[in-house]
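Keep in mind that the numbers below use all heavy atoms, side chains included, and drop hydrogens, waters and symmetry copies. Bear in mind that the values here come from a model prediction, so they are computed numbers and not experimental data.
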Number of protein chains: 4
Amino acid sequence: MKPRDENKINEIYKATLNLVKASGLAGITMQMVAKEAGIATGTLYIYFKNKEALINALFDVCIRSSASTFFSNYDPAQPFKIGFHTIWLNIVHRRVTHFNESIFIEQCFHSPFIDEESKVRLRKIFEPLLHLIERGKKEHLIKDIDTTWLLSLMVGAINEIAKRTMYYHIKLTSEILEANFQLCWDGIKA
Amino acid sequence: MKPRDENKINEIYKATLNLVKASGLAGITMQMVAKEAGIATGTLYIYFKNKEALINALFDVCIRSSASTFFSNYDPAQPFKIGFHTIWLNIVHRRVTHFNESIFIEQCFHSPFIDEESKVRLRKIFEPLLHLIERGKKEHLIKDIDTTWLLSLMVGAINEIAKRTMYYHIKLTSEILEANFQLCWDGIKA
Amino acid sequence: MKPRDENKINEIYKATLNLVKASGLAGITMQMVAKEAGIATGTLYIYFKNKEALINALFDVCIRSSASTFFSNYDPAQPFKIGFHTIWLNIVHRRVTHFNESIFIEQCFHSPFIDEESKVRLRKIFEPLLHLIERGKKEHLIKDIDTTWLLSLMVGAINEIAKRTMYYHIKLTSEILEANFQLCWDGIKA
Amino acid sequence: MKPRDENKINEIYKATLNLVKASGLAGITMQMVAKEAGIATGTLYIYFKNKEALINALFDVCIRSSASTFFSNYDPAQPFKIGFHTIWLNIVHRRVTHFNESIFIEQCFHSPFIDEESKVRLRKIFEPLLHLIERGKKEHLIKDIDTTWLLSLMVGAINEIAKRTMYYHIKLTSEILEANFQLCWDGIKA
DNA sequence: TATGAATGAGATTTCATTCAT
DNA sequence: CATGAATGAAATCTCATTCAT
């Protein structure tokens, strides 16, 4: 008996992300995914019931692993700005090193595959950041406006930074990173 | 192959945008577009050579009409901040009132339909803004860092503002708008 | 506009019946049906949502048209034996002239396509015959045993007569028919 | 390619018959058969070259074991009616206790799996009954019409009796059996 | 020009069969 | 022998495009 290769699932995920980056959700077929993953088309269906299941499972994995990196090294006990800086850097780093994933999530958000529930789950992963921002407001370190707009500035800018970094093949030095963080910080600080 | 009935073409565009918002580029078929536009499938092909041509033409139209609104009421002769504020507001307004269009452009960017040339054209529409920002840097009004990052903050935040506004059905009052502008301005100002 | 060809549905039905007779429900594919009907595979799906829908619709049609012929020229006002003879002949005639149909119904009965409801509907078409037999029992013309067994003899024998007629290419003369009716009649008569 | 484990082969046969009864020849897959038989898919191919071989082998087994039961306790030396009654009962009994088998044979008869030769073999198993009926005709005990029609009445009715018994979950008492035999006998007797 | 039925290539999915363990 | 994952050919089904009306 050949044991069910758990690693194969990762190959499939990787293949899907690559292909979606290259030509969007609209541009992938199960054959392409299989070929890119180095397996037969039928094998795909051993691991995923159908295309929708594959996309959904991958979406879930992306959310989960994103979430875990966003808050790595983040300690709520630290001063606000330290924590905020850590998370800011983590998200930028994730977006850039997993650019595929970012594109995939963005594409999924307007697709026939992802249900409302998954979208809600995506929003939930930012909750610790939300709490941190609330704290920052309480400590009068950042502006007292609705958190959603503070997040808009932060997350929106990060997404755009990642895109430009990737599209224009920019090397993100720590100077650039810090300059960008400064932009964000100056925007939100009280 | 592209006759007069300009009105019908607009119906087709509108239908496409609606459907792409609802289920993404991956989720639309020519039949769906025709039905949504209230015409027969065959009629679609009187106005557009094929699906790719429709998507590309619409992409072009979106870019063009976006561009025209982005800089309406903008007068390069005015003081920097006035001009910047005008454009900022214009873009936010466009993104929110033409949310469909934003989603469509975003989806197209990673799709098998849009060629490199069109992507370049999309970037070009921001050129007047680019020049303005360069001017702002010269006038020492805004930070002296690479323009791309200043744009990241502005454009990224605006995109996110629009999404949150639409997803959470927020009514954008002028207070909210000004607060958001302030965030952006504080971020980029020298 | 090309109007939806109602006749095409009949071609599809005919093709399906022919193929099922030749190689059973297990032996048909949608491609085969399309080819036999002289249309493209995709066209099949204009008229029927999927394979199951085609089989079910055809099953229904078979039941309905069978039922209508079984009782043609049957007048409940006539003497029992006349009526019984009419129906007997009608069923034999139908089974032989529409042998495809008989095979199809038989195959469908044990298939993944037909639901319980349709099976019940099939049984219902014999109801007028059931009533006639009840009457025969009341008139003491036929044996007073459960109607189901009287029907078994009649219907079972007819099915077998049709099969043998078709398999052995027998020409059913009126002598043969009457001899067979006599067998049945002698069996059930009081 | 057909080793000893006779017991496993029987499990496979049993599984196939059960599944065919439940959803017809059109509804079974090798995976389903394996699962139902409690073995792995690959194991199926140790015992049978392929699907066709399995179906054919089972068809053969069904024919053989049917044949052996049809004439058990039948002694050609006995009076005609005794012999006929014995065989009639045997067939009814077999059809009811091995209903799966009956369905399977019926389904196979119109399928891409069974060749003409096997069909002939199926017909051959009734030969002793055929001879008995010829004898009955010579002894002027039954009607002098073509044997095929006398068989039609007998076999057709039996098939139908079995179906109704199984579909309606009827308990076949000896009264019911004898009543049914009487129907058949009255039909064919001279 | 407008229609929508028809087409058939191609996408999704299934499944008989093979094969590595 | 036994397993069940892997395969890929073939089945089901979809959809961009054409065409008869």
- Can you give the dot-bracket line for DNA chain F, where a pair is Watson-Crick or G-U wobble with both atom distances under 3.5 Å, crossing pairs use [ ], and | marks a partner on another strand? .||||||||||||||||||||
- Tell me which nucleotide among F/dT3, F/dT12, F/dT7 gets nearest to the side chain of D/Ile39. F/dT3
- Task: Would you please confirm or rule out a distance under 4.0 Å between OP1 or OP2 of E/dA6 and any side-chain N or O of C/Lys8?
- Result: yes
- Item | Most 5' of B/Glu52 and C/Ile28 on DNA chain F, judged by nearest nucleotide | C/Ile28
- Whole angstrom value for the distance that separates P of E/dA2 from CD1 of B/Ile9: 10 Å
- Whole-Å distance between E/dC15 P and D/Leu25 CG? 14 Å
- Taking CZ from A/Phe113 and C1' from E/dA11, how many angstroms apart are they, rounded to a whole number? 11 Å
- Query: If only side-chain N and O atoms of A/Thr43 are considered, is one of them under 4.0 Å from the OP1 or OP2 phosphate oxygen of F/dT7?
  - Reply: yes
- Just to confirm, is there a sub-4.0 Å distance from OP1 or OP2 of F/dG4 to any side-chain nitrogen or oxygen of D/Thr41? no
- Message: Under 4.0 Å, heavy atoms only, any strand: does D/Leu44 hit a base, just the sugar-phosphate, or nothing?
- Response: nothing
- Message: If the cut-off is 4.0 Å, is D/Tyr47 near the phosphate of F/dA2, judged by side-chain N/O to OP1 or OP2?
- Response: yes
- In whole Å, what is the span from the CG atom of B/Asn50 to the P atom of E/dT7? 22 Å
- Task: Tell me, yes or no, whether the heavy-atom count around C/Glu52 atom CD, taken from other residues, nucleotides or ligands under 6.0 Å, exceeds 12.
- Result: yes
- Task: Mind calculating the distance between CZ (A/Phe48) and C1' (F/dA5) to the nearest angstrom?
- Result: 15 Å
- Could you check how far CE of D/Met30 sits from C1' of F/dA6, rounded to whole Å? 17 Å
- Message: Whole angstroms only, please: what is the CD-C1' distance between B/Glu6 and E/dT1?
- Response: 16 Å
- Item | Closest non-hydrogen atom pair, D/Val20 against C/His110 | O-CB, 4.2 Å
- Message: Under a plain distance cut-off of 3.5 Å, with no hydrogens placed, do A/Ser66 and A/Arg95 share a side-chain donor-acceptor pair?
- Response: no
- Message: Using every non-hydrogen atom in the two residues, find where C/Ser118 and C/Asn56 come nearest and quote the distance to one decimal.
- Response: OG-OD1, 3.9 Å
- Message: If only side-chain N and O atoms count, and only distance matters, is there a donor-acceptor pair under 3.5 Å linking A/Asn18 with A/Asn100?
- Response: yes
- Where do D/Phe48 and D/Ile55 land on the side chain to side chain contact (heavy atoms under 4.5 Å, CB included) test, with the steps shown first? CA-CA 9 Å; D/Phe48 299 96; D/Ile55 302 294; over 6 Å; no
- At their closest point, which heavy atom of A/Ile105 faces which heavy atom of A/Cys62, and how far apart are they? CD1-CB, 3.9 Å
- Item | A/Tyr45 vs E/dT14: side-chain N/O to OP1/OP2 distance below 4.0 Å | no
- Message: Nearest to the A/Ile46 side chain among F/dT7, E/dA5, E/dT12, which nucleotide is it?
- Response: F/dT7
- Item | Interatomic distance, A/Ile12 CD1 vs F/dA5 P [rounded to whole Å] | 13 Å
- Can you label the angle between the A/Tyr167 ring and the A/Phe99 ring as parallel, tilted or perpendicular, going by 30° and 60°? perpendicular
- Please tell me which of B/Gly42 and A/Lys49 maps to the more 5' nucleotide of DNA chain E, matching each residue to the nucleotide holding its nearest heavy atom. B/Gly42
- Note on the structure: The residue, B/Ala40 or C/Ala40, whose nearest nucleotide of DNA chain E is more 5′ is B/Ala40
